[in-house]
Amino acid sequence: MDGIKYAVFTEKSLRLLGKNQYTFNVESGFTKTEIKHWVELFFGVKVVAVNSHRLPGKGRRMGPILGHTMHYRRMIITLQPGYSIPLLDRETN
């Protein structure tokens, strides 16, 4: 599970939980099929679709030095009906 950084809990991601869609931030080098394989293997669920988009890094300044944070990808994973990820399910919390 090195590729998946953490689950995202925004207003949109909480709304998507009702549609059986879960949102994760992942390392930018991983593909959709790799993430699908990891989610199916780690959580024991069946994935129907994986949608992704790349979020840009932010600029950071420390004195005269201008730097930036790394960009990352956000994956929206749709599960088959009847499957859920119990740690992220809103009804169990």
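Just so you know, these numbers use all the heavy atoms, side chains as well, and skip hydrogens, waters and symmetry mates.
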Count I, L, V, M, F, W, Y as connected when their side-chain heavy atoms are under 4.5 Å apart, and connections chain through other members. Are Phe30 and Leu55 then in the same cluster? no

Quick check for you: to the nearest 0.5 Å, what is the distance between Lys36 atom NZ and Leu41 atom CG? 13.5 Å

For residues 53-63, which residue pairs qualify under side-chain hydrogen bond (donor to acceptor under 3.5 Å, both in side chains), counting only residues two or more places apart or in two chains? Arg54-His71

Do you reckon Leu14 sits in the same ILVMFWY cluster as Ile77, going by side-chain contacts under 4.5 Å, direct or chained? yes

Residue pair Arg74 / Asn25: nearest heavy atoms and the distance that separates them: NE-OD1, 3.0 Å

Test of understanding: with side-chain hydrogen bond (donor to acceptor under 3.5 Å, both in side chains), list the residues that count as partners of Thr78, not counting sequence neighbours. Gln21

Leu79 reachable from Ile4 in the ILVMFWY side-chain graph, under 4.5 Å edges: yes

Do any N or O atoms from the side chain of Gln80 and from the backbone of Val47 form a donor-acceptor pair under 3.5 angstrom? no

Derivation of the side chain to side chain contact (heavy atoms under 4.5 Å, CB included) call for Lys32 and Ser52: CA-CA 8 Å; Lys32 289 181 180 183; Ser52 71; 3.5 Å; yes

Does the Glu34 side chain pair with the main chain of Thr31, one donor and one acceptor, at a distance under 3.5 Å? yes

Run the numbers on Tyr72 and Glu27 for side chain to side chain contact (heavy atoms under 4.5 Å, CB included), then give the verdict. CA-CA 6 Å; Tyr72 55 93; Glu27 295 289 336; over 6 Å; no

Spell out, yes or no, whether Met75 and Leu16 are grouped together once hydrophobic residues are joined by side-chain heavy atoms under 4.5 Å, including indirect joins. no

Taking Phe24 as the starting point, is it possible to reach Tyr83 by hopping between hydrophobic residues whose side chains are less than 4.5 Å apart? yes

Excluding sequence neighbours, so at least two apart, what forms side-chain contact (heavy atoms from CB on, under 4.5 Å) with Thr10? Val8, Lys12, Ser13

Between Arg73 and Ser28: side-chain donor-acceptor atoms closer than 3.5 Å: no

